[in-house]
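Keep in mind it's a predicted model, so treat the numbers as computed, not measured. Chain A is the first sequence line, chain B the second, and so forth, proteins listed ahead of strands; every chain is numbered from 1. Computed over heavy atoms, backbone and side chain alike; hydrogens, waters and symmetry mates excluded.
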Number of protein chains: 2
Amino acid sequence: MYDKSILSQRVAESIKQMILDKDYHPGDKLPNEIEMTQMVNVSRSTIREAIKILVSTNILEVRRGKGTYVSDKPGLTKDPLGMDFINEDRLLMDLFEIRLLLEPEMTKLAVQRGRPSDFDKIFQTYEIVSEQIKSGENHTEADIAFHTAIADASHNIIMNRIVPLINEGIVGGYLKTKDNPESAEEVLRQHEKIVDYIKQRNPQKAKKAMQDHILYGLQGFKGYN
Amino acid sequence: MYDKSILSQRVAESIKQMILDKDYHPGDKLPNEIEMTQMVNVSRSTIREAIKILVSTNILEVRRGKGTYVSDKPGLTKDPLGMDFINEDRLLMDLFEIRLLLEPEMTKLAVQRGRPSDFDKIFQTYEIVSEQIKSGENHTEADIAFHTAIADASHNIIMNRIVPLINEGIVGGYLKTKDNPESAEEVLRQHEKIVDYIKQRNPQKAKKAMQDHILYGLQGFKGYN
DNA sequence: AGGTCTGAAAATGTATGATAAATCGATACT
DNA sequence: AGTATCGATTTATCATACATTTTCAGACCT
């Protein structure tokens, strides 16, 4: 996840792995904490901290006096067949669902409420992304900065928090950013469009451009599977 | 958060409260774990579990060997112009803005994707809210449970995380829930409408009903100021 | 003076063992 | 048959000790 030098986080990883390997299904009961300490050979405190981490990411749920169970909440496929533990594709779909709701409207607000310094930041990050795309570099990070700059410009404090959350972290942090085979030139064009409409202070068209941009990403992702 | 009978969760709440009361700001350092045990009068394990909860919701961050800090990820306004602390009314407006984007669509998805058990949960929480409203009790908590149940039914793992965040929480813990003077009977009617459309498995109308519900809340809040 | 090393201080991380509280089923009693 | 109690299982909490990381002041060397 993040810092692998912290034992409880490593243990959290190996519990996830164990769930995969030993073919646990949502709803199944895990060994109790004592048994786990022996299996992984760490103290109970560490096991419990690891479990807390997995609970906070919806992977496990704990019922006092009963045991620890694999969560049957979403994110875990209940497919009798596929059963791939956390279905990353599904998670990505969910992500697009949210972004499609938030980011276009946010772009509109950015145009309406942004200040000069906000726009500067947007243009600036836009340039970086463009260069990286042209030179064929990996531009995920810069792309996040671009979207975040727009979110900031919306001056909605909540959006400010949510957008980075869904872009970077990915809400809990266990979704690896996935390369969807988007056409670099197309993305470039779409970004340019967004920036242009922002420069023109046209909220509606900027919103639409952002919507198209996200839809394109969604489309590419869906087609990929 | 959910089950108040679990001490560490209650402690998490009181830490949040302490942050509010003692006027901690993002980036500030909290008392160390030992001191906190004395302040709250619980063991260090419990303090640590409480902190873990707040870390997982981005309210705190822990730096080993240094201390525990109020997260600075949230958008505390870094306005060049004064505006040092957050205007709560403004924050509530922002909150409604987001809810208006997310929750109606989420309700639609809930109808489309929910399972029987999800619907049961929704109806169940609905009943609780109704009774509390009728008897004149404070129904904020039950109301949150109601909205959360709908969010859960949408089976979008991201929404699952965001909706509780914005409903309970106060997005980082800075916003005290504020009573807006909504008409109890009107809210009752609106909830009934939402539930009815869910029962009828009518996603569009359910979505619309939720939208009206939130708009009503927004309206009441705006009129209040 | 200036850099480097060392070691204490402060804080979180981990280990260990004991006790409390919740859950559930079995057993005994009415 | 019901129900009340007890015991086994398991998580929750407490208490204490030790480990590891981070920081920084002060000794030490050049």
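Side-chain contact between B:Ile15 and B:Ile53: absent, with no pair of heavy atoms (C-beta onward) separated by less than 4.5 Å. At a threshold of 4.5 Å between non-hydrogen side-chain atoms, the residues A:Asn156 and A:Arg113 count as touching. Side-chain contact between B:Glu103 and B:His213: absent, with no pair of heavy atoms (C-beta onward) separated by less than 4.5 Å. B:Glu97 places a side-chain heavy atom less than 4.5 Å from the side chain of A:Leu109.
For DNA chain D, the contact window with chain B, defined by any atom under 4.0 Å from a protein heavy atom, covers D:dT13 to D:dT23 in 5' to 3' order.
Where B:Lys66 and A:Ile34 meet DNA chain D, the nucleotide closest to each residue was compared, and A:Ile34 sits on the side nearer the 5' end. Where A:Ser8 and A:Gly65 each meet DNA chain C at their nearest nucleotide, the meeting point lying more 5' is that of A:Ser8.
In this structure, B:Lys29 atom NZ and C:dT12 atom P are separated by 6 Å, rounded to whole Å. Put simply, CD on B:Glu35 is 10 Å from C1' on C:dA10, counting in whole angstrom units. Atoms CZ (A:Arg64) and P (C:dA21) sit 8 Å apart, rounded to a whole Å. For the pair B:Gln9 CD and C:dA21 P, the computed distance is 18 Å after rounding to whole Å. Rounded to a whole Å, the CE atom of B:Met36 is 11 Å from the P atom of C:dA11. Rounded to whole Å, atom C1' of C:dA22 lies 15 Å from atom CG of A:Asn32.
In this structure, B:Arg189 does not pair ionically with B:Glu192, as no charged nitrogen and carboxylate oxygen lie closer than 4.0 Å.
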List the atom pairs, donor and acceptor, that lie under 3.5 Å between side-chain atoms in residues 119-132 of chain A and the rest of the protein, sequence neighbours left out.
from	atom 1	to	atom 2	distance (Å)
A:Thr125	OG1	A:Lys121	O	3.1
A:Thr125	OG1	A:Ile122	O	2.8
A:Ser130	OG	A:Tyr126	O	2.9

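Side-chain N/O atoms of B:Gln190 and B:Glu186 include a donor and acceptor closer than 3.5 Å.
At least one side-chain nitrogen or oxygen of B:Thr68 sits closer than 4.0 Å to the OP1 or OP2 atom of C:dT12.
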Does A:Lys52 form a salt bridge (Lys or Arg N to Asp or Glu O under 4.0 Å) with A:Glu49? I'd like the steps, not just the answer. CA-CA 5 Å; A:Lys52 283 252 169 211; A:Glu49 301 225 338; over 6 Å; no
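Contacts between residues 37-52 of chain A and DNA chain C, defined by a heavy-atom separation under 4.0 Å, are made by A:Val42, A:Ser43, A:Arg44, A:Ser45, A:Thr46.
Taking CZ from B:Arg48 and OG1 from B:Thr68, the interatomic distance works out to 8.5 Å, rounded to the nearest 0.5 Å.
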